[in-house]
Each structure stands twice: as structure tokens, then as C-alpha cells.
Amino acid sequence: MKTFYITTAIDYVNGSPHLGHAYEKVLTDVIARFRRMMGDEVYFLTGTDEHGQKIQQSARARGVEPQAFVDQIAPEFQQLCARLGISNDDFIRTTEPRHQRVVSQLLQQLFDKGEIYRAEYQGYYSTRQEQFLQEKDRNEDGTWPEIFGEVTQITESNYFFKLGAYQQWLIDHIKSHPDFIFPRYRAKQVLEFLSEPLNDLCISRPKDRLAWGIPLPFDPDFVTYVWFDALTNYYSAVADKPGLWPASFHVIGKDILVPPHAVYWPIMLQACGLAAPQSILAHGWWSINGAKMSKSTGNFVDPIEFVDQFGVDALRYFLIREMSVGQDSDFSMEQFLVRYNSELANNLGNLVNRTLNMTNRFADASIPSPGELGEAEKSLQQAWSQTREEVLPLFEKFQFNMGLEKALQFVTATNAYIEQRAPWKLGKSEAPADQALLRTSLATMAEALRLGATLLQAVTPGSVDKIRGVLGYTATADWPSELNWDYRLSGNPVAKECILFPRPEKKP
RNA sequence: GGGCCUUUAGCUCAAUGGUUAGAGCAGGGGACUCAUAAUCCCUUGGUUCCGGGUUCGAAUCCCGGAGGGCCUACCA
């Protein structure tokens, strides 16, 4: 079986992590965890992109060496991963020797093959954007848009990669691999881009203009520029690990699908004689309160602060529950609180607590064995097998929002089952039949809770472990069998209480 | 200019061309007391953006238009 190798985009360390960074990592983590649970061998990579002009400038502004600067910022992103419960197997930094070595090798290989050539280039250059500008980039009045900062006309010699030679190959590849780009409708955008002739890709910067980069192995006066450095991380991290390449999934934002990931990267690999990734998953963007995220206007969510306030699983749950993968979505405190209160606190959290409470009160804190199952139990079991049947395929297709909705519907069904049996009434009866039904209902609610929680494991792993803990249960490594309704909790001691998702304090 | 996507309940979204267009939340009413003011039940709410067409039958397919979003080119 091939290892399921999945990556996030690497983050440029010129600023602090925001909600978008957090989402991409959580989404990728949920996929990675789900694949592991389904029995796949998974390798999960994330990391940071640490070269380039902006970092060189930021370092200079602070009067430190670029390396010292990135050594200071990179841990912020590693801490973000830790705080978000990200289960990555590796974290690559593009300043690491293992990465630089592979980048050099690939560049040398392509140069030797004649895929890279040197040419003069003259044009307008934006320092801030690290790019040459086209006439079309100008404003109507001939000035350059503010985002480019200072624009100067320069001539320089650079190295170019022959992208165009592989254009038809890529078009054929995309057409013959319908799963290459997810969601599929985005492949159209790529093909649209490829309907025009590709320009060769400038892959270098002269060292006197940009020193902070990986030197070209065949010309020490130049460093390689963004794409050959950044994209290569996916391969460099596993170049010495057999069986991982090609990647199963690159999870990226929709903004870097075209052209880098869907055009440059597969062509780079093809030119190097390496296989293209199996699939690229382009996710959408979060707006905040209906407007674009922006630090300067304060329309901004700090994921770390958020986790501190509400807990990591609450954030993970919201991000995955709210967004349809590939689409854009909006983040607002109002919507978050709706999800948090109604789904996590009231529906699930309260089920946990009432189950514990009743088991304590009516069964001496030990989950009973069920007696003969009645219609109510059979009906709930039926609801479970349907839920299980529906949710797994949804998760397989990354429709986590819909899968979670179904899973929570089962939690609702469990709450409804409890109302129907009303164990608090049975508990007041001395009749043996009522006592037996009481035991059955306590066993059933605990079992249903365990099963419903199991479906949430990839999204809210910590909370699911807590639920198991208060039910006196430790899960096996065989996740699919964890989904079997078999009353395996019988005899387990339960905790006294558990407020999983406390209702947030009302703000004054 | 070319292309792609999108518009369904107050909000967020579902519905291989096939019963009466469905959920969640919000709103209204009721029940219950094990529980985190919780839970459960019932319920109001629709010109499926508009106008044509194809079809026995259209939210769905086709044409035109409007709103919103995105990609891309050219002219200067």
C-alpha cells in the first residue's frame, strides 16, 4: 500500500500566522487523521518558506541577520501547529541544508539537460512584490498601483526555465487525470490559463539584489527565486524517504493554484523526471464579518488567542463545520457562538454531562449491561447504522461540513432517545421491568454517545478522548471497528461530571 | 473583449430531469426536569433572481437578461 503523503503550503514567515494559516493546517490535519483512522499509512508535512527579498528587508530593518530573523519567526508557526493539535510528521524549513541540497541538485540537473538558459531581461521592477511588472499592471493614469511600492526600470541577466516545452504535456495530463485538481471545477481555470502560450519562468535573482536565497549551483552570482525554492519543499522533505513520492495531496489556498501549483510545479517535476502529485486540493478563503481579512483595519482573528479563549477543538470544529471545502466562507463571532452553543455545548456537551449524571445517580457510576432491546433501542441503532453509512463517504470526499451535520443529527437522535425512555422516571420505579429498562437505556445512551463521538475524532480529537475518558474507555487502534455498536462500555466506571464545552461568559 | 462560477426560507446551505423543493439555526407554540437556562415534540416561513424555450414532467437542460464573485486578454 502506498503511503498517503499529504502537505500544506509552506508559510512565508514575514508575518504572524492568521486564521487562514490555521484553517489550512486544520483542514489538512483532519484529512490526515481521517486517512490514518481508515487504515492508511500517512505522512503529513508542513513547514515554512524562509527566503526572499521581504525577509531580507525585514531582517535588515531590525538590524539582524536573515537567519536570525527567520529563526525567531519560524517557531511561531511551529507553535501554531502545536496549539492547533496538528499531527504533522515533519516540519520543513527552506533554510535547512536538507532542502537546499535537493534544490541545488534539481537545478543542476535541469541546467545540464538544457532546460534552463540565461537571458537578458529589461523591465519595470517592484521591490516590494519582488517581481517585474507588465504594462497592464499600471493604473489608468500611468502610475503604478500602491501595492507595488517603488517601481524602477532595470535590465538584468537571469536564468529561465523552459516551461513552454511542457505545456501540451500538462494539458493532456490534466485532462487525463480528473482527480488531479480538486474541486474539479477549478481544473477549468487551469486549462483556461493554459490555453495561452506559456512564457518561460524566470527562476533567478542576481545576488547583489537578493542575497538571501539558495545559490544557483552553476552560477554563484545568482540565487534561485521563489518557486524553485518554495515548491521544492514537498519533494526535498521526502527525497531520502522511499515510497512517499509522489505526494497524494497538496493542500493549498485557491490563490496559489494557478499558476504555481497547477502549472509550474508539475512541469518542474516532469522536467526532472519525477512524477506529478496525485492531487492538488485548493481550498477557499475566510472573510471575517463579511469583509476581507486585514490586520490594518483590525478585521483579524488571531488563532492562538482564539484557542486560548475557546479551546482548540471549538476552533477546529467551527472551521471544518462551517466551510464547504473549496468554497469561501465567512467567520463571525456570532456564527461561531451559534455553532459552539447549539452544537458543541448544548447538543453534544450536554449529552455527555447528562449521561454521566444519570449513570451516577441511577447505576452507581458504572455503565450497566443492556437487557433485551426494545423498539426505541432498535430504532436508535438503525439511525446509527444509517449515519455511519452516510458519514464515511462524505468524509472520503472531504465534505466534512455535511458529515459533521449528519453526525450531530445522530447526537440529536440520542438526546431524543433519552427523552423517550426518560430514565429519571424509570429510576423512581421499583418494578423489575422498569429497572431492567433503566439499565438498558443507560447502556444505550452511553454506547450511542461513544459512537457519535467517534465520528468526530478527526475533527475534535482531544474532546473525543475526553469523552472516552469519562466513560472509562480507551479506544483501540482499529478505528473502523470503533464504529461498531456492541455495548463495549458495560461495567466501565464513569466520571462524576464533565463540562466539555463550557458556555462562554457573557460579555458585559 | 473572452471564459468560468454563483443566485433556493430571515441567515447558512441541501436536493442522479421524476411524489407535496428539504435540513440546521433564527421565529412561534407546547412538553419535560437527568442535564451546561439544557433537552424533546409540533409549527410559521418559498414567484427556486427575471423572461422565454425543450420535455409527459425543470431548482435542475437550452437561449436571453440582471445581480454577485473569480480567472484571463487586449487597447491605450
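Letters go in sequence order (proteins before strands), and every chain restarts at 1. As the structure is a computational prediction, the values presented were derived from the model and not from experiment.
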[X]: partners by salt bridge (charged side-chain N to carboxylate O under 4.0 Å, His left out), with sequence neighbours left out:
{"X": "A:Asp328", "answer": "A:Lys254"}
{"X": "A:Arg316", "answer": "A:Asp29"}
{"X": "A:Asp330", "answer": "none"}
{"X": "A:Glu497", "answer": "none"}

Next on the checklist: Side chain of A:Met402 only, heavy atoms from C-beta on: which candidate in B:rG3, B:rA14, B:rU36 is closest?
Outcome noted: B:rA14
Next on the checklist: As a test of reading the structure: which of B:rC34, B:rC40, B:rG2 is closest to the side chain of A:Lys428, going by heavy atoms?
Outcome noted: B:rC34
Taking atom [atom1] in both [N] and [M], compute the distance separating them and give it to the nearest angstrom.
{"N": "B:rG67", "M": "B:rU8", "atom1": "C1'", "result": "15 Å"}
{"N": "B:rU48", "M": "B:rG17", "atom1": "C1'", "result": "15 Å"}
{"N": "B:rU36", "M": "B:rG29", "atom1": "C1'", "result": "25 Å"}
{"N": "B:rU43", "M": "B:rU55", "atom1": "P", "result": "40 Å"}
{"N": "B:rU44", "M": "B:rG65", "atom1": "C1'", "result": "34 Å"}
{"N": "B:rG64", "M": "B:rG28", "atom1": "P", "result": "46 Å"}
{"N": "B:rA14", "M": "B:rU6", "atom1": "C1'", "result": "16 Å"}
{"N": "B:rU16", "M": "B:rG22", "atom1": "P", "result": "14 Å"}

Checklist entry - OP1 or OP2 of B:rU39 sitting under 4.0 Å from any side-chain N/O of A:Asn346? => result yes
Next on the checklist: Donor-acceptor check, side chain of A:Gln167 to backbone of A:Glu196, threshold 3.5 angstrom: yes or no?
Outcome noted: yes
Checklist entry - So, the side chain of A:His177 versus the backbone of A:His173: is there a donor-acceptor pair under 3.5 Å, distance only? => result yes
Checklist entry - Does the B:rC34 base have a donor-acceptor partner in the side chain of A:Glu419 within less than 3.5 Å? => result yes
Checklist entry - Which parts of residues 359-381 of chain A get close to RNA chain B, meaning a heavy atom less than 4.0 angstrom away? => result A:Arg361
Checklist outcome for this item: Under a 4.0 Å heavy-atom cutoff, the residues of residues 162-191 of chain A touching RNA chain B are A:Lys188, A:Gln189
Indicate whether any N or O donor in one side chain lies under 3.5 Å from an N or O acceptor in the other, for [X] and [Y].
{"X": "A:Glu430", "Y": "A:Gln435", "answer": "no"}
{"X": "A:Glu405", "Y": "A:Asn401", "answer": "no"}
{"X": "A:Ser429", "Y": "A:Asp434", "answer": "yes"}

Checklist entry - Is A:Glu390 paired with A:Lys406 through a side-chain N to carboxylate O contact shorter than 4.0 Å? => result yes
Item to check | Ion pair check, A:Asp465 and A:Arg468, cut-off under 4.0 Å | outcome: yes
Rounded to the Å, how far apart are [X] [atom1] and [N] [atom2]?
{"X": "A:Asn350", "N": "B:rU39", "atom1": "CG", "atom2": "C1'", "result": "6 Å"}
{"X": "A:Lys406", "N": "B:rC13", "atom1": "NZ", "atom2": "P", "result": "17 Å"}
{"X": "A:Phe193", "N": "B:rC71", "atom1": "CZ", "atom2": "P", "result": "12 Å"}
{"X": "A:Arg354", "N": "B:rC32", "atom1": "CZ", "atom2": "P", "result": "15 Å"}
{"X": "A:Met445", "N": "B:rC34", "atom1": "CE", "atom2": "C1'", "result": "8 Å"}
{"X": "A:Leu404", "N": "B:rC13", "atom1": "CG", "atom2": "C1'", "result": "14 Å"}
{"X": "A:Tyr417", "N": "B:rU39", "atom1": "OH", "atom2": "C1'", "result": "16 Å"}
{"X": "A:Leu394", "N": "B:rA15", "atom1": "CG", "atom2": "C1'", "result": "14 Å"}

When all nucleic acid strands are considered with a 4.0 Å heavy-atom cut-off, which category describes [X]: base, sugar-phosphate, or nothing?
{"X": "A:Asn401", "result": "nothing"}
{"X": "A:Ala345", "result": "base"}
{"X": "A:Leu500", "result": "base"}

What residues form a ring pair (Phe, Tyr, Trp, His ring centres under 6.0 Å) with [X], not counting sequence neighbours?
{"X": "A:His18", "result": "A:His21"}
{"X": "A:Tyr317", "result": "none"}
{"X": "A:Phe34", "result": "A:Phe395"}

Item to check | Nearest-nucleotide 5' precedence on RNA chain B, A:Thr412 against A:Asn357 | outcome: A:Asn357
Item to check | A:Asn415 vs A:Ile418, nearer the 5' end of RNA chain B by closest nucleotide | outcome: A:Ile418
Next on the checklist: Using a 3.5 Å limit on both distances, find every run of at least three consecutive Watson-Crick or G-U pairs that involves RNA chain B.
Outcome noted: B:1-7 with B:66-72, B:10-13 with B:22-25, B:27-31 with B:39-43, B:49-53 with B:61-65
Checklist entry - Looking at A:Phe182 versus A:Phe398, is the centre-to-centre ring distance below 6.0 Å? => result yes
Can you name the atoms? Protein N/O to nucleotides 21-28 of chain B N/O, anything below 3.5 Å, with the distance.
residue, atom, partner, partner atom, Å
B:rA23, O2', A:Glu405, OE2, 3.4
B:rA23, O2', A:Gln409, NE2, 3.2

Next on the checklist: My understanding is that only residues two or more places apart in sequence, or in another chain, count here; which of them pass side chain to side chain contact (heavy atoms under 4.5 Å, CB included) with A:Pro493?
Outcome noted: none
